[in-house]
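What follows is a short report on a single structure.
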Amino acid sequence: MTDISLLDHYDQPDLATRILAALRGQGLDPDRLTLDDLALLDEFHIRGADATRELAALADLSPASHVLDLGAGLGGPARRLADLSGCRVTGLELVPGFCGAATLLTGLVGLSDRVAFHVGDMAELPFPAGSFDRAWFQHTLANVADKAGVAAEVRRVLRPGGKVLLYEVCRGPGGPVHLPVPWASAPAHSHLLTPDELLGVFAAAGFTITRRDDSTAAAVAWLDGVAAAPRPDAPPRGPRPHLGLVMGPDAGLKSRNLGRNLREGRITVLTAVGEA
């Protein structure tokens with residue numbers, strides 16, 4: 001069932017229109033965009049496009065692969081996967097405004113033949129059994145209360161030998177999360193498990209965990225680098241297209257709290273692979 005307050009947390013009015021305006025304000029031609037032009041905006045997770053490339057390297061993709069991207073956001077990872085490997089990607093996204101913007105941006109970079117997006121709930125996947133070779137989660141499951149139900153649905157739609165790829169925020173030992181953060185404005189939005197608990201959910205659904213990495217140190221180093229990066233005195237012509245368009249007016253506070261939670265051990269970052 002759709003959580004209206006969660007939709008309110010994510011949905012931003014006229015998002016596609018504002019993205020196009022920000023692109024033009026930066027001097028970019030929407031008809032001549034590249035994936036890297038969008039990377040500050042559409043890779044809505046810690047370490048951005050670098051994290052997507054690293055997870056893609058674990059996915060063993062080919063042009064014959066069909067990937068299900070769950071919680072696809074603005075579609076940055078889906079487009080990058082298609083560009084890197086030639087695979088097909090189907091993105092599922094709960095927020096209609098994100099889905100519309102993802103479809104628009106995919107058309108502008110010329111990937112509509114390989115990447116498509118649908119509005120839907122990952123607890124009730126609208127796909128037949130055995131439809132996909134890979135399932136992709138990047139900073140998605142923090143909002144999901146019924147992770148067991150989602151894991152079972154993912155197992156259902158994967159073909160035998162398929163893989164689930166996880167790059168997820170997990171609960172750490174440091175205490176409750178400081179809010180707001182990019183995935184939650186209120187405690188009711190945040191459903192974090194420890195890495196052991198999360199992988200246990202997927203194991204119970206029938207996945208064999210073949211790889212597990214703690215990516216927290218890399219996440220902290222990345223945030224330190226972002227904080228230390230010099231800022232231009234004035235952006236040329238207009239506002240740069242960035243995650244503030246997605247996270248809303250309190251984007252700065254959400255980002256600061258993200259870093260604080262990581263440094264205080266309240267959250268960790270998990271990279272993992274499971275085989276069906």
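No hydrogens, no waters, no symmetry mates; every other heavy atom, side chains included, goes into these values.
The CG atom of D69 lies 9.0 Å from the CD atom of E93; values are rounded to the nearest 0.5 Å. We find the CG-OG1 distance between L70 and T140 to be 7.0 Å, quoted to the nearest 0.5 Å. To the nearest 0.5 Å, atoms CG (L193) and CD (E168) are separated by 10.0 Å. With values rounded to the nearest 0.5 angstrom, E153 atom CD is found 9.5 Å from D121 atom CG. A distance of 12.0 Å separates CZ in F98 from CG in L105, rounded to the nearest 0.5 Å. Taking CE of M122 as the start and CG of L68 as the end, the distance is 9.0 Å to the nearest 0.5 Å.
No donor-acceptor pair closer than 3.5 Å links the side chain of D42 to the backbone N or O of G75. Under a 3.5 Å cut-off, the side chain of R80 and the backbone N or O of A49 do not form any donor-acceptor pair. With hydrogens and angles disregarded, a donor-acceptor distance shorter than 3.5 Å links the side chain of T194 to the backbone of E197. Counting only distance, with no hydrogens or angles, the side chain of N261 and the backbone of R266 share no donor-acceptor pair below 3.5 Å. A donor-acceptor pair under 3.5 Å links the side-chain atoms of R263 to the main chain of G259, judged by distance alone. Between the side chain of H139 and the main chain of F44, no donor-acceptor pair closer than 3.5 Å is present. A distance-only check finds no donor-acceptor pair linking the side chain of D133 to the backbone of R159 [under 3.5 Å]. Counting only distance, with no hydrogens or angles, the side chain of N257 and the backbone of V181 share no donor-acceptor pair below 3.5 Å. In this structure, the side chain of R79 engages the main chain of A102 through a donor-acceptor pair within 3.5 Å. In this structure, R212 contributes its side chain and L199 its backbone to no donor-acceptor pair below 3.5 Å.
Proximity of L198 to L141: side-chain heavy atoms (C-beta onward) are separated by under 4.5 Å at one or more points. You'll find the side chain of L38 reaches within 4.5 Å of the side chain of L23, heavy atoms only. Using a 4.5 Å heavy-atom threshold, the side chains of L15 and L74 count as touching. Side-chain contact between L165 and V67: absent, with no pair of heavy atoms (C-beta onward) separated by less than 4.5 Å.
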**Study point:** Derivation of the side-chain hydrogen bond (donor to acceptor under 3.5 Å, both in side chains) call for T216 and D214
**Key:** CA-CA 6 Å; T216 308; D214 184 342; 2.6 Å; yes

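Residues L92 and V164 fall within the same hydrophobic cluster, defined by Ile, Leu, Val, Met, Phe, Trp and Tyr side chains chained together at heavy-atom separations under 4.5 Å.
Under the 4.0 Å criterion applied to side-chain N and carboxylate O atoms, R18 and D14 are not assigned as salt-bridge partners.
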Taking only distance into account, with no hydrogens and no angle test, what donor-acceptor pairs under 3.5 Å do side-chain atoms of residues 107-118 form with protein atoms, sequence neighbours excluded?
unit_1: S112; atom_1: OG; unit_2: G107; atom_2: N; d: 3.4
unit_1: R114; atom_1: NH1; unit_2: A82; atom_2: O; d: 2.6

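In R211, the CZ atom is not crowded: 12 or fewer heavy atoms of neighbouring residues, nucleotides or ligands sit closer than 6.0 Å.
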